[in-house]
Amino acid sequence: MNVIAAGVRRNARIVVKIGTNLITDRLAGLNLERINSLARGVSLLRTSGHGVVVVSSGAIGAGAAARRLKERPRSMAEKQATAAIGQPILMEAYEAAFRRHALTVAQILLTREDFAIRGRYLNARNTIAVLLENGVVPVINENDTVAVEEIRLGDNDTLSAMVANLIGADLLIILSDIDGFYTDDPSRNPRAEFVPVVEAITPKIERQARKTGGESGTGGMATKIQAAKRCMSAGIAMIIANGGNPRILQEIVSGGYRGTLFLPSAARLSVKKKWIGFVSHPRGSVRIDAGAEAALTLHRKSLLPSGVLEVSGEFAEKDTIAVLDTAGNEIARGLCRFSSADLAKIRGKKTGDVEKILGRRSGGEVIHKDYLVLLGR
Ligand code: ADP
């Protein structure tokens, strides 16, 4: 089944944000092997027709190594000087890595004012558009040298979300040293649980994203959640995934990836649906009867437990699953409201009995129509 059939335009615009910890080895400088594998991933996205913009941190790390500093610079002036030394070293590494894939890179340095002043905003947008049209990979960073404290964006998570808005991106991929968003910082709390899909940024989620990240990273999870908020309200999907996996970009685009997907807000439902079909890899499936198939395909209704004949695979609540007709053909995909274990208990049952069987309150639908994408045959 070609998931592109679910309606995502083939030539998507994708912003890839690369975190500090991913490409710098503390004070030892840039991790060239990592930069090479990321460049390879980006080049594969390009050859499959997507326009890609990179937002990369790492200038201070590269500069600190060049200056043989014993610790990361602390004062603003020291940081800016170190970034000024590191930025060309960073670009040199990207230039060399992308050249192996016959791709040209372009450096763009932005400040908050470039987004606030309309003339500059339009100019930045036009420049990036021309670069993308010409098959160039823009590599963006904050212009640290001129950005005094008051006008600093301060972290590249925010910058990448603003760039995604600027270019009208379909997807922002934040690559970090962690595979997604957890209910707490897993490096401090071993009981933190992985969250595969986030539909809305609630105060609880904001609390779960602690401020601190790694010691050299600037944002941690808090700025990533704010970036998600910005993207979701603009109809842009966002994924946090681990850039340590050299195949992560291909896996995201083909659908079988580990990462946290932040869905565009309800006001952009069609966009959200598109992304369920495009970026979510089904973790399991349900086979449904002919009546349910007609309800879904002809009447655009939600899938109810009574129409489910069989449950396959192991999945959790809110995982994406495939919906199969009686013959086993995939006809739709959607976010399932029940885990596979619960669904096995309520399959074929009346909606009114679900609460009694599971012993807890729950919405009646297995897949709500707003979270269901028909694939069409
Ligand atoms: P980057 O340099 O890639 O932007 P950071 O180090 O700034 O990355 O942020 C990622 C770190 O945030 C993780 O390694 C983790 O320790 C921390 N973190 C804090 N809260 C959470 C959470 N709820 N889920 C996942 N990671 C979290």
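Atoms within each ligand, like the ligands themselves, are counted from 1 in listed order. When a residue number appears, it is its place in the shown sequence, counting from 1.
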Between [X] and [Y], do the side chains contain an N or O donor and an N or O acceptor separated by less than 3.5 Å?
X	Y	result
Glu365	Tyr371	no
Asn242	Asp179	no
Thr326	Arg287	no
Gln226	Asp157	no

(request) Name the option, out of Ser57, Ala227, Gly220, that contains the heavy atom nearest to atom 5 (P) of ligand 1. (result)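 Nearest option to atom 5 (P) of ligand 1, by heavy atoms: Gly220.
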(request) Tell me which one of Ile178, Asp185, Leu175 gets a heavy atom nearest to atom 18 (N) of ligand 1. (result)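 Selected option, by shortest heavy-atom distance: Asp185.
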Of all the atoms in ligand 1, which lie at a distance below 4.0 Å from a heavy atom belonging to [X]?
X	answer
Ser176	1 (P), 3 (O), 8 (O), 10 (C)
Lys17	4 (O)
Asp184	22 (C), 23 (N), 24 (N)
Asp177	10 (C), 13 (C), 14 (O)
Asn21	2 (O), 6 (O)
Ser187	16 (O)
Thr20	2 (O)
Lys224	1 (P), 4 (O), 5 (P), 7 (O), 8 (O), 9 (O)

When rounded to the nearest 0.5 angstrom, what is the spacing between [atom1] in [X] and [atom2] in [Y]?
X	Y	atom1	atom2	answer
Thr297	Ile288	OG1	CD1	8.0 Å
Arg112	Met162	CZ	CE	6.0 Å
Asn165	Phe115	CG	CZ	9.0 Å

(message) Using 30° and 60° as the class boundaries, would you call the ring planes of Phe262 and Phe181 parallel, tilted or perpendicular?
(response) tilted
(request) Examine the proximity of ligand 1 to Pro186 and report which part, side chain or backbone, both or neither, has a heavy atom under 4.0 Å away. (result)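 For Pro186, the contact with ligand 1 is made by the side chain alone.
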(request) Mind checking whether Gln208 contacts ligand 1 via backbone (N, CA, C, O), side chain (CB onward), both or neither, at a 4.0 Å heavy-atom cut-off? (result) backbone
(message) Check contact between Gly243 and ligand 1, using heavy atoms of the residue and a distance below 4.0 angstrom.
(response)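 Checking ligand 1 against Gly243, which is what was asked, there is no heavy-atom contact under 4.0 Å.
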(request) Could I get the full list of side chain to side chain donor-acceptor pair (under 3.5 Å) partners for Asp114, not counting sequence neighbours? (result) Thr111, Arg120
(message) With respect to Tyr182, determine whether any N or O atom, backbone or side chain, lies less than 3.5 Å from an N or O atom of ligand 1.
(response) yes
(request) Kindly confirm or rule out an N or O of Thr183 lying under 3.5 angstrom from an N or O of ligand 1. (result) no
(request) Applying salt bridge (Lys or Arg N to Asp or Glu O under 4.0 Å), name anything that partners Arg360, two or more places apart in sequence or on another chain. (result)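 For Arg360 the salt bridge (Lys or Arg N to Asp or Glu O under 4.0 Å) partners, ignoring immediate neighbours, are Asp342.
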